[in-house]
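For reference, the structure discussed in these notes is given below.
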Amino acid sequence: MNRPGANAAFETIYRSEKRRVLATLIRLLGGFEAAEEALQEAFTAAAERWPRDGIPQNPYAWLVSTGRFKAIDRWRKQARLAAAMPELTALSDELYEPAVPEDISDDELRLIFTCCHPALPADARIALTLREVAGLTTEEIARAYIAPAPTIAQRIVRAKSKIREDAIPYEVPSHAQLPERLESVLRVIYLIFNEGYAATEGPGLTRADLCAEAIRLGRLMVDLLPDPEAMGLLALMLLHEARHHTRIDQAGDIILLEDQDRSLWDRRLINEAGALVEQAFAARKIGPYVLQAAIATVHANASTTEGTDWAQIVTLYDVLLRVDPSPIAALNRAAALSKRDGPEAGLAAIEAIIQQGQLQNYPLAYAARADMQRQLGMVEAAVDSYQRAIALTRQPAELRFLKSRLAALSSG
């Protein structure tokens, strides 16, 4: 295989398999640290050997086997054979011909539930899962939480220590335990999707690999426990994914919802999501993910922005804010309110949200305010709001969009 082709293939496999390989290595080696080191050693070996020998028929099995053997060799070389004996004993029966798990997804479910174990603090569960399951960097997680990177790093380290010291089992809980563990797991899956849907860093607005991973995990959760909220989350992600290719143009610039070509939206995903929402509503257990999916369904079924049932969307947001109050939901409601009642009503709602202080460092709050001010002819105020949004924005595509809006307003 030529070097450019090998490098491209290696990068593709690295992106698609690293989280699965890590999850299995954690099970086989019994801990995060050993598995993470083995993962790096396996991919280092692959980078050296695959361009020469070719890519194996089953890269996942090759990487798992190589990583496991590397770990065993490392334990031996470090003269810790006695300490590592339980691990070596457990692996010895298949030392030379490791079996590939029949259901690889089981390992990832085990990892998710381990990271989201109720013995861990809530903030640590999410940080650890985003790091170990989704593969986000500490810096990406910190930006998603608007928190310092060292704080996030400490949470992850403490969570791993807690898992090791308390011998938290690496397993999918029993069906009786699933409901109490579901909320944390769904929240983490949604955060993974959000990072893919609107990346906090990198040249592109989206990260398709994270969106695909979150949807895959969402499907696993629905299969494992067909809870209405699990259905709602999967539906919500499918509805956003349905218009993925219409959100940016060929240059990577943002296309607003009202300007997207709705004929290009994926009706197959929309129909699948609609069926999930109907099934969730039929269960009469309406939670925040089901409500958000219902809102997205109204958007997906509208032929135009003007033809959207904004009254229904505002009503759904009212219910959502009673069920699960959040400033982001309130901001989205304000945008919908402006469509139903006009920009004055939207601006008043946004001002009230900003005054509460929870979104003072959230760029989209100022971008939304700037848009309302622009529509009302409040040019000077809109310029100030756009500038504040720009100062808080790090995502290149969002930054280009805001600067273009500011430039158009200043030149007009």
Side-chain angles (χ1 to χ4, degrees), residues 194 197-198 205 236 239-240 243 246-247 253-262 265 288 291-393 395 397-399 401-410 412:
N194 280 341
Y197 185 76
L205 178 67
L236 178 61
L239 287 162
H240 286 315
R243 60 185 188 87
T246 65
R247 293 180 59 225
D253 291 328
I254 293 173
I255 302 175
L256 295 178
L257 177 64
E258 55 262 33
D259 298 324
Q260 292 173 15
D261 185 348
R262 298 179 182 231
W265 289 359
L291 289 166
Q292 290 179 73
I295 292 168
T297 300
V298 177
H299 283 294
N301 289 331
S303 57
T304 63
T305 300
E306 295 75 16
T308 303
D309 190 343
W310 293 107
Q312 184 181 5
I313 289 178
V314 172
T315 298
L316 286 168
Y317 272 121
D318 288 337
V319 178
L320 176 61
L321 287 168
R322 289 197 296 271
V323 171
D324 185 34
S326 80
I328 302 297
L331 182 65
N332 291 334
R333 179 192 180 277
L337 187 68
S338 74
K339 297 293 187 181
R340 189 191 73 177
D341 298 344
E344 297 93 342
L347 179 59
I350 290 171
E351 293 285 12
I353 296 165
I354 293 175
Q355 287 301 315
Q356 291 173 2
Q358 293 175 284
L359 296 182
Q360 285 188 345
N361 294 319
Y362 187 60
L364 295 183
Y366 297 101
R369 183 173 73 175
D371 188 52
M372 302 299 160
Q373 292 166 332
R374 177 186 60 81
Q375 294 180 52
L376 293 169
M378 302 166 62
V379 176
E380 186 175 341
V383 166
D384 179 69
S385 293
Y386 276 128
Q387 289 174 340
R388 294 192 69 174
I390 288 169
L392 293 168
T393 299
Q395 215 295 319
E398 292 178 353
L399 200 56
F401 174 78
L402 292 171
K403 287 182 176 180
S404 68
R405 279 296 177 100
L406 176 61
L409 190 64
S410 300

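Fair warning: this is a prediction, and the values are worked out from it, not measured in the lab.
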Interatomic spacing from CZ in Arg340 to CD in Gln312 - rounded to 0.5 Å: 12.5 Å
Can you measure from CG (Leu392) to CD (Gln360) and round to the nearest 0.5 angstrom? 10.0 Å
Might you point out which heavy atoms bring Leu337 and Ala349 nearest each other, and give the distance in Å? CD2-CB, 4.3 Å
Checking the side chain of Arg247 only, and the main-chain atoms of Tyr197 only, is there a donor and an acceptor separated by less than 3.5 Å? yes
Nearest non-hydrogen partners of Ile354 and Ala365, listed with the distance: CD1-O, 4.0 Å
Gap between atom OG1 of Thr246 and atom CD of Gln260 - 0.5 Å precision: 3.5 Å
Short question: side chain of Arg262, backbone of Ala302 - any donor-acceptor pair under 3.5 Å? yes
Tell me the closest heavy-atom pair linking Tyr386 and Ala367, and the distance in Å. CE2-O, 4.4 Å
With a 3.5 Å distance limit and no angle check, can you tell me whether Tyr317 reaches the backbone of Leu331 through a side-chain donor-acceptor pair? no
Value for CD (Glu380) from CG (Asp384), rounded to nearest 0.5 Å, stands at 8.0 Å
Using only atom types and a distance under 3.5 Å, with no angle test, would you say the side chain of Ser410 pairs donor to acceptor with the backbone of Ala407? no
Which value, rounded to the nearest 0.5 Å, describes the distance between Ile328 atom CD1 and Leu364 atom CG? 7.5 Å
Determine whether Pro327 and Gln356 make a side-chain contact, defined as any pair of heavy atoms from C-beta on separated by less than 4.5 Å. no
Mutual orientation of the aromatic rings belonging to His299 and Trp310 [parallel < 30°, tilted 30-60°, perpendicular > 60°]: perpendicular
Step by step, work out the side chain to side chain contact (heavy atoms under 4.5 Å, CB included) result for Gln375 and Leu347. CA-CA 10 Å; Gln375 294 180 52; Leu347 179 59; over 6 Å; no
When rounded to the nearest 0.5 angstrom, what distance separates CG in Asp324 from CG in Leu291? 9.0 Å
Go through Lys339 and Thr308 one step at a time and tell me if the side chain to side chain contact (heavy atoms under 4.5 Å, CB included) criterion holds. CA-CA 9 Å; Lys339 297 293 187 181; Thr308 303; over 6 Å; no
Closest contact, heavy atoms only, Ala382 versus Leu409: CB-CD2, 3.4 Å
Pair Asp371, Arg405 - check side chain to side chain contact (heavy atoms under 4.5 Å, CB included), show working. CA-CA 9 Å; Asp371 188 52; Arg405 279 296 177 100; 3.4 Å; yes
For Asn301 and Thr297, indicate whether the former's side chain and the latter's backbone hold a donor-acceptor pair under 3.5 Å. yes
Please check if any side-chain donor atom of Thr393 sits under 3.5 Å from a side-chain acceptor atom of Glu398, or the reverse. no
Restricting to non-hydrogen atoms, name the atom on Tyr366 and the atom on Leu359 that form the minimum distance, rounded to 0.1 Å. CE1-O, 4.0 Å
Closest non-hydrogen atom pair between Ile313 and Ala336, with its separation: CG2-CB, 3.7 Å
